[in-house]
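Step one of this worksheet: look at the structure below.
Residue numbers start from 1 in every chain, and the chains themselves are labelled A, B, ... in the order their sequence lines are given, proteins ahead of strands. Remember, it's a predicted structure, so these values are computed and weren't measured experimentally.
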Amino acid sequence: MGILESLWLLIITVLKILLIIVPLLLTVAYLTYAERKVIGAIQVRKGPNRVGWGGLLQPIADVLKLLTKEVLVPTNSHRFLFLIAPILSLAPAFAAWAVIPFSDTAVLADVNAGLLYVLALTSLGVYGVIIAGWASNSKYAFLGAMRSAAQIVAYEIAMGFALVGVLMVSGSLNLGDIVRAQEGNIFTWFWLPLFPLFIVYFISGVAETNRAPFDVAEGESEIVAGFHVDYSGMAFALFFLAEYANMIMIAALAVIMFLGGWLSPIPFIPDGMGWFFAKTAFMLFFFLWFRATFPRYRYDQIMRLGWKVFIPVTILWLTVEAVAILLEIEPWFALRAA
Amino acid sequence: MDFKLFVFWVFSLVLVGAAVGVITTRNPVQAALFLVLAFFNSAIIWMLMEAEFLAITLVLVYVGAVMVLFLFVVMMLDINTLPAREGFTRYLPVGALVVGAIIVQMVFLIRVRWFSADDYPVPTPRGADYSNTEELGRAMYTDYLFQFEVAAVILLVAIIAAIALTMRRRPETKYQRPAEQINVKKEDRLRVVSMDSES
């Protein structure tokens with residue numbers, strides 16, 4: 001390959017990355033707006049309604065406000081780690097999007113170990129939280145970091161097991177192939193034959209992103225704001241961005257793994273990227289709904305749910321599934337053959 | 001190919017630097033973070049060797065889970081490194097002796113001439129559709145099933161032993177019993193008393 005050719009490839013790839021990242025950033029911005037509007041509606045108030053028409057420019061105003069604020073570094077904190085922690089939590093949240101298939105052909109990197117890659121990257125996000133909590137040299141931040149570490153390790157196991165179930169019926173680690181294995185109609189999508197795993201996966205996903213009702217790492221009413229209590233300005237904004245990017249990521253993965261990705265639920269309407277986005281938005285709504293509905297779990301209740309409920313449920317369902325595939329029982333075995 | 005070599009050098013330099021950092025830094029949390037960096041870089045070098053499954057699993061298991069727990073423990077402990085440093089010069093000769101012995105043994109065991117480039121032909125690169133996840137799975141669950149299960153049982157024993165050693169019954173702590181909470185009935189908690197209204 002000549003120099004020119006590789007340069008061209010580089011430019012094209014960077015353009016593709018921008019094509020994913022820029023809409024992602026916009027989605028994050030308007031997800032915060034949607035969140036405030038939805039929670040406002042649930043609590044019978046208006047939500048943001050002053051900046052722009054119906055408050056539509058509110059996210060832009062928030063970004064500008066955060067950009068102009070000073071980034072404070074507390075005394076006796078570990079300066080380098082304190083400043084690198086927000087980047088460490090944001091980078092995996094973005095990098096994981098490289099393997100997400102938006103449609104049959106639209107995927108940045110069509111690698112055959114895509115699912116593993118996504119799992120590995122989502123498990124790296126916790127370092128931002130832990131390092132931030134430790135480097136701040138504050139007790140509240142430290143408590144938040146410790147809670148987050150224990151929580152993520154617990155729920156990652158349940159999440160991994162739930163995805164093993166998906167692998168067993170699809171027979172592939174490639175995210176595109178996983179969607180293709182679900183072809184058929186709305187009832188052959190994996191959410192139905194793998195229903196317990198779907199539920200476990202999504203709730204573990206909510207826990208992994210430290211969202212309510214699993215937001216003990218922040219816990220405003222207990223430990224002020226947890227791991228990011230000492231952050232301000234853009235450094236805080238990066239944490240915020242990472243949290244929302246992770247939410248979209250978890251929703252998109254749930255869609256790919258269980259809800260048939262870009263496949264159309266209605267027979268006469270063609271498949272396409274639009275379905276992927278619509279389903280992702282549908283799953284994202286649950287995040288907002290949960291936040292407005294459930295009170296925060298206590299720490300020991302989180303641990304109980306993760307270790308004593310979700311892990312046994314996934315192991316049980318994996319056994320059921322394995323037996324079904326072995327005995328060639330219909331829905332599971334048919335999925336396997338396709 | 002040249003670019004690959006460049007990537008290799010960059011990541012191996014960072015790897016060696018991080019490994020040195022693990023043993024030279026005085027702060028235990030920093031040492032653990034250096035170890036994370038070392039794991040990550042070695043994962044990328046494995047990736048260059050086309051061992052994608054192992055590389056990603058290294059990140060997933062060691063960086064994503066084991067080191068998180070490690071950091072958890074290291075951060076909780078208030079380790080004072082000064083007392084550990086006290087008898088450094090006194091024990092230095094013994095330490096040097098042990099290190100020397102290890103180096104001699106290693107040199108005997110993995111002599112350069114047994115691992116020269118002539119004995120091991122350059123492996124042929126596989127095509128893009130070659131999945132080493134599948135190959136590994138096949139080898140592990142067919143050819144080496146027995147060894148795999150033995151390893152699993154050993155790990156299970158280790159888990160049970162660790163739990164048995166650290167578990168303490170603490171009758172004074174209060175905890176929730178969700179089953180009882182769910183099964184509670186109105187009659188258990190509420191007593192309706194009929195009484196005449198006064199005045």
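For the options A/L116, A/D300, A/V126, A/I157, heavy-atom pairs under 4.5 Å to chain B are most numerous at A/L116. For the set B/L60, B/T57, B/L69, B/L71, the entry with the most heavy-atom pairs within less than 4.5 Å of chain A is B/L60.
Heavy atoms of other residues, nucleotides or ligands lying less than 6.0 angstrom from CZ of A/F161 number 12 at most.
In this structure, the ring of B/F11 has its center no less than 6.0 angstrom from the ring center of B/F40.
Contact annotation for A/L119: both backbone and side-chain heavy atoms come within less than 4.5 Å of a heavy atom of chain B. The parts of A/A150 that come within reach of chain B are both its backbone and its side chain, each placing non-hydrogen atoms under 4.5 angstrom from that chain. Of the two parts of B/V61, neither the backbone nor the side chain holds a non-hydrogen atom closer than 4.5 Å to a non-hydrogen atom of chain A. For B/L58, no part lies near chain A; criterion is any non-hydrogen pair under 4.5 Å. Looking at A/L81, the atoms closer than 4.5 Å to chain B (heavy atoms on both sides) all sit in the side chain, from C-beta outward. Proximity to chain B (any heavy atom under 4.5 Å) is restricted, for A/L173, to the side chain, taken from C-beta onward.
Looking at A/R180 and A/D177, a side-chain N of the basic residue comes within less than 4.0 Å of a carboxylate O on the acidic one, giving a salt bridge.
Ring planes of A/H78 and A/W134: tilted class, angle from 30 to 60°. The aromatic rings of A/F310 and A/Y155 sit perpendicular to each other, their planes meeting at more than 60°, with 30° as the lower class boundary.
Annotation: side chain of B/V59 is not in contact with side chain of B/F39 (no heavy-atom distance under 4.5 Å).
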